[in-house]
Structure formats: C-alpha cells, structure tokens
There are 2 protein chains.
Amino acid sequence: MLDTYAIIAEPSRRRILDRLLQSDSSVTELVEELGLSQPLISKHLRMLRESGLVRVQVKAQHRIYCLDAGPLAEIDEWLSAYRKKWNQHVDALVEHLDRRKLSKEESAK
Amino acid sequence: MLDTYAIIAEPSRRRILDRLLQSDSSVTELVEELGLSQPLISKHLRMLRESGLVRVQVKAQHRIYCLDAGPLAEIDEWLSAYRKKWNQHVDALVEHLDRRKLSKEESAK
DNA sequence: CAGTTATATAACCAAAAGGTTATAATCGCT
DNA sequence: AGCGATTATAACCTTTTGGTTATATAACTG
C-alpha cells in the first residue's frame, strides 16, 4: 500500500481530494466533474480509501465518498521542520528588498 | 521533471532533505550517513537540484549541497485548505472523549 | 606524471504505476 | 424476472522509476 506522500503525489488523486473538500460525492459525480474514466476514478478511490484519506457510505447502488484529512497531518508535521527555513528565506528576501528600497531612497535625495 | 509532490514522495529523497536540514553536506557524507550507493545519491541530488530543493556549491572536487525549502511552500499552501478539516476531526474526537468523560463522572456520582 | 579521491553520467533491469477495455456484481425499477 | 444504472475488479499495456554496475571527468597528492 502507498503511503500518504505517494498518494498525494498523483495529480488526479489531488483533484479528487480537492473535489471532496467541497462536498461529499458519488463516483459518477466525480467521473463527470473530473473528466476521468470510471474505472480510473474507482481505482484511485480504492487507494485513497486504503490510505485512510476517504471513507465510503453505501447508499443502495451508490457509494458516497467523503474526505478524511486526518492522514495529511503526518505530512504537515514533516513540513513543520522546514517551515522556519522558508520563512527564513522569505525574511532574507524581504530584508534584501528593504535594503534596496532604502538605498534607492538614499540616492534619490 | 518531477513536481515537488513527486519529489518528496520518495523516502530516500526525504531522508536526504532531512539530513540537509541539519547541515550542508558533501555527496560522500550523504553516501556514508544514509547508506545508499553513490550513483543513487547523485541521481536523487540531481532531481532535488532540478526541482529547486537543493543548491550546490562547488569546492574543488567536492560539491557541497544545501537545502532550499522554498518549493515546499507550495505543498504547505495546498495543505492549508485541509488543515481546518483535520482540526475539525480532532476537535470532534476531543469533544467525544470529553462527553464520555462527563458521562462517566455522572455515573460515578 | 601516476595514482587516488570525489562526483556525475550512461546503460541497463525489474518492479511499479497510470491508464484503458472488458466484465462482473449489485441494486432499483417496471 | 428482466433491464438499466452504478460501482468494482481483472487483465493488460506502456511508461516511469528506483536501483545497480561500469565508466568518464576532474581535481588533489605524492
């Protein structure tokens, strides 16, 4: 089974998740709205189900899929160690631009 | 070229990033510390370089690689839409446990 | 200059993954 | 019971990918 990182690496699966973020959905709805073949959608949904990112509710012959964002927390945690780094980066950039702005103002006097 | 999602989907590449998070490193250091073959490390480093997650500093025959967390911000942004969802989930869980605790306390009286 | 060290790349292989087509299973409806 | 709709699965193909082995390149070292 694929881990959460591999699951969200696939663009179509991210589209499915993004769609489910809006509202629960049946398979047919996903097929129509995402423009992917039904077997492909079902295949991706199976993976999403197995990795715990979606849950199913059986309604007669329909399956209503709903999002469970829980497993994404793992990735968020992993990212947290890097968050300060790119802030650092942006901070450095902002500082750089500030200095540039300052020296421009200086030379404008 | 692989996008940032696909890049971090690979466990060995995450290990490289995690290592570079601690400090800059040469290829040989990475090979020794991660226990992967040199060509494989070089291959991963190339991908990481192409996706902008690392930068190289040439020091004679050595290449010092350093982390650039910038591209990870994209994933962080994508996750942000889901963050409220799993908080919601955790909140619901906490609430559930609270209710259980309350009813236990009730019945204990 | 010869040999050693550090790194990248090429060629190759096996396994996995995304996608398709065809088919099965299940339920509601008439 | 029979039919259409909904979903899952099986079988298959092609491309990609992680990994290995072998080789090239380049710089330091004695």
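Bear in mind that the values here come from a model prediction, so they are computed numbers and not experimental data.
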- Note on the structure: Minimal heavy-atom distance between B:A9 and A:A9, with the atoms involved, is CB-CB, 3.8 Å

- Does A:R46 make a side-chain N or O approach to OP1 or OP2 of D:dA8 shorter than 4.0 Å? no

- Message: Under the criterion side chain to side chain contact (heavy atoms under 4.5 Å, CB included), I'd like the reasoning laid out for B:L72 against B:I8: C-alpha separation, chi angles, the key distance, then a yes or no.
- Response: CA-CA 9 Å; B:L72 294 179; B:I8 69 161; 3.9 Å; yes

- Message: Between P on D:dA8 and CG on A:L45, what's the gap in Å once rounded to a whole number?
- Response: 7 Å

- Atom-pair distance (NE2 on A:H44; P on D:dT7), nearest Å: 17 Å

- Of B:D24, B:L20, B:D68, the one forming a side chain to side chain contact (heavy atoms under 4.5 Å, CB included) with B:V54 is B:L20

- Find out whether B:S12 and B:L36 are in side-chain contact, i.e. whether some heavy atom of one side chain is under 4.5 Å from a heavy atom of the other. yes

- Note on the structure: To the nearest angstrom, the NZ-C1' distance between B:K59 and D:dA26 comes to 18 Å

- Query: Between B:R14 and B:E10, does a salt bridge (Lys or Arg N to Asp or Glu O under 4.0 Å) hold up when you go through it step by step?
  - Reply: CA-CA 6 Å; B:R14 280 203 304 280; B:E10 223 289 315; over 6 Å; no

- Message: Can you work out whether B:K43 or B:A60 has the more 5'-proximal nearest nucleotide on DNA chain D?
- Response: B:K43

- Message: Please tell me whether A:L53 and A:I64 are part of a single hydrophobic cluster in this structure, the criterion being side-chain heavy atoms less than 4.5 Å apart.
- Response: no

- Item | 5'-most by nearest nucleotide on DNA chain C - B:H62 or A:S12 | B:H62

- Message: Side-chain N or O of A:Y65 versus OP1/OP2 of D:dA8: is the shortest distance under 4.0 Å?
- Response: yes

- Query: Taking atom types as modelled, is there a side-chain donor on B:W86 or A:D76 under 3.5 Å from an acceptor on the other?
  - Reply: no

- Query: Which part of the nucleic acid, if any, lies within contact of A:I41, taking any heavy atom under 4.0 Å across all strands shown: a base, the sugar-phosphate backbone alone, or nothing?
  - Reply: nothing

- For the pair made of CD in A:E29 and P in D:dA5, what is the distance, rounded to whole Å? 17 Å

- Query: From the list D:dT6, D:dT20, D:dA27, which nucleotide is the closest neighbour of the side chain of B:Q61?
  - Reply: D:dA27

- Query: Taking OP1 and OP2 of D:dG19, is either one under 4.0 Å from a side-chain nitrogen or oxygen of B:S37?
  - Reply: no

- Item | Residue among A:R49, A:R19, A:E29 satisfying side-chain hydrogen bond (donor to acceptor under 3.5 Å, both in side chains) with A:Y65 | A:R49

- Task: Assign A:L2 to base, sugar-phosphate, or nothing according to its heavy-atom contacts below 4.0 angstrom with the strands shown.
- Result: sugar-phosphate

- Message: Between C1' on D:dC13 and CG on A:L40, what's the gap in Å once rounded to a whole number?
- Response: 15 Å

- Note on the structure: Correct closest heavy-atom pair for B:H44 and B:I16 would be CB-CD1, 3.7 Å

- Task: Please find the earliest and latest nucleotides of DNA chain C, in the 5' to 3' direction, that have an atom within less than 4.0 Å of any heavy atom of chain A.
- Result: C:dA17 to C:dG28

- Could you state the CD-C1' distance from A:Q38 to D:dT7, rounded to the nearest angstrom? 6 Å

- One should report the stems of DNA chain C, each a stretch of at least three consecutive Watson-Crick or G-U pairs at distances under 3.5 Å, as C:1-30 with D:1-30

